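Okay, structure first, notes after.
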Amino acid sequence: MTSNDTSLLCRVAGAVFVLGLLLEGAAARAGEWFDLDDKALATFDFEGMTLATSAVEFEQQFPDAKRDREPVDEEIGLECYEVRDLKNADVARFYFCDGRLYQLEIGYNLARVEKLGGMQAVLQKLVDTWGPADHAGESRWTWQRPMYKRRADFYAWPERAQLTITDMAWMPVVAQRLKRQDEKQRPDLGF
């Protein structure tokens, strides 16, 4: 091997080392950015309500909330409240399991979406807050943060939009209760 070959190998090795440091630094910065997005979903609040809110705290903040008995059954520990005429949305539904908020649906009519800059602007704000969606479909975008047991779903339809925030830790409990309730209500067909 000539001295020119050795010199070239040293320069290539040095360049590879520097490139490795640059990529490592970029990965660390990307990780920090991603962690911030995770925490933003974990600490999400709407009108002062977080997913850890109790039904008592909710009723204190929204004394005029209306119970919506249709989507859930209080006999199995599930409650739903609807609030209208909010500062930041047209309607919101708050779902409780054993007195703890586990899901929140925030609805926006088309006029409000347009005031916010249009559907693309609203979606871009969510991406800016939580990062790229984990799932993107024709009318649904989903951000999942398993380490915080949180999921956000944004739905965009021609006449309205909805943002749903879910505490995934409670979903197995809710699903099991609903399944048992359905089994109780199912008629015996003799099979």
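A quick note: this is a predicted structure, and the numbers were derived from the prediction, not measured.
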Could you tell me if the side chain of Met49 sits less than 4.5 Å from the side chain of Gln61, heavy atoms only?
yes

Shortest non-hydrogen separation from Ala42 to Arg150 and the atoms involved
O-NE, 3.7 Å

Scanning both residues in full, the closest heavy-atom pair of Lys39 with Tyr148 reads CG-OH, 3.4 Å

Please tell me whether Ile76 and Trp170 are part of a single hydrophobic cluster in this structure, the criterion being side-chain heavy atoms less than 4.5 Å apart.
yes

Is the centre of the Phe94 ring less than 6.0 Å from the centre of the Phe58 ring?
yes

Please check this pair: side chain of Trp141 against backbone of His135, looking for a donor-acceptor N/O pair closer than 3.5 Å.
no

Looking only at heavy atoms, which two atoms of Leu41 and Ala152 are closest? And how far apart?
CD1-CB, 3.7 Å

Salt-bridged, Glu114 to Arg112, with N to O below 4.0 Å?
no

Sub-4.5 Å side-chain heavy-atom contact between Leu51 and Tyr102:
no

Does any non-hydrogen side-chain atom of Arg145 lie less than 4.5 Å from one of Trp130?
yes

Considering only heavy atoms from C-beta outward, does the side chain of Tyr81 approach that of Glu59 to under 4.5 Å?
yes

With side-chain contact (heavy atoms from CB on, under 4.5 Å) as the criterion, how do Glu47 and Lys87 come out once you've worked through the C-alpha distance, each side chain's angles and the decisive distance to 0.1 Å?
CA-CA 8 Å; Glu47 304 273 338; Lys87 182 175 110 181; 3.9 Å; yes

Short side-chain donor-acceptor distance under 3.5 Å, Asp45 and Thr50
no

Side-chain (Arg93) to main-chain (Gln103) donor-acceptor, under 3.5 angstrom
no

Apply side-chain contact (heavy atoms from CB on, under 4.5 Å) to the pair Trp143 and Val127, showing each step before the final yes or no.
CA-CA 9 Å; Trp143 291 264; Val127 169; 4.1 Å; yes

Inspect the contact between Asp134 and Arg151 and indicate whether a charged nitrogen and a carboxylate oxygen are less than 4.0 angstrom apart.
no

Taking atom types as modelled, find out whether Glu159 and Asn109 have a side-chain donor-acceptor pair closer than 3.5 angstrom.
no

Whether Arg67 and Glu79 form a salt bridge (side-chain N of Lys/Arg under 4.0 Å from carboxylate O of Asp/Glu) is what I want to check.
yes

Check against side-chain contact (heavy atoms from CB on, under 4.5 Å), Val122 and Tyr108
CA-CA 11 Å; Val122 171; Tyr108 306 91; 6.0 Å; no

Any heavy-atom pair between the side chains of Tyr95 and Cys80 that's under 4.5 Å?
yes

Side chains of Thr166 and Met171: closer than 4.5 Å at any heavy-atom pair?
yes

Treat each ILVMFWY residue as a node, draw an edge where side-chain heavy atoms are under 4.5 Å apart, and state whether Trp157 and Leu126 are in one component.
no

Which pair of non-hydrogen atoms, one from Met119 and one from Ala161, has the smallest distance, and what is that distance?
SD-CB, 3.8 Å

hydrophobic_cluster_shared for Val91 and Leu86, side chain cutoff 4.5 Å
no

With a 3.5 Å distance limit and no angle check, can you tell me whether Thr129 reaches the backbone of Lys125 through a side-chain donor-acceptor pair?
yes

Assigning hydrophobic clusters by single linkage (Ile, Leu, Val, Met, Phe, Trp, Tyr; side-chain heavy-atom cutoff under 4.5 Å), is Phe62 placed with Leu101?
yes

Using a 4.5 Å cut-off on heavy atoms from C-beta on, say whether the side chain of Leu163 contacts that of Phe44.
yes

Quick one: do Asp167 and Arg100 make a salt bridge, cutoff under 4.0 Å?
yes

Compare every heavy atom of Phe46 with every heavy atom of Ala89, then report the nearest pair and how far apart it is.
CB-CZ, 3.8 Å

Would Phe154 and Leu123 count as a side-chain contact (heavy atoms from CB on, under 4.5 Å) here? Give the steps.
CA-CA 8 Å; Phe154 179 70; Leu123 187 56; 3.9 Å; yes

What is the distance from atom NZ of Lys115 to atom CG of Leu110, rounded to the nearest 0.5 Å?
11.5 Å

Side-chain donor-acceptor contact under 3.5 Å, Gln162 with Thr164:
yes

Nearest heavy atoms of Arg177 and Cys97, plus distance in Å
NH1-SG, 3.6 Å

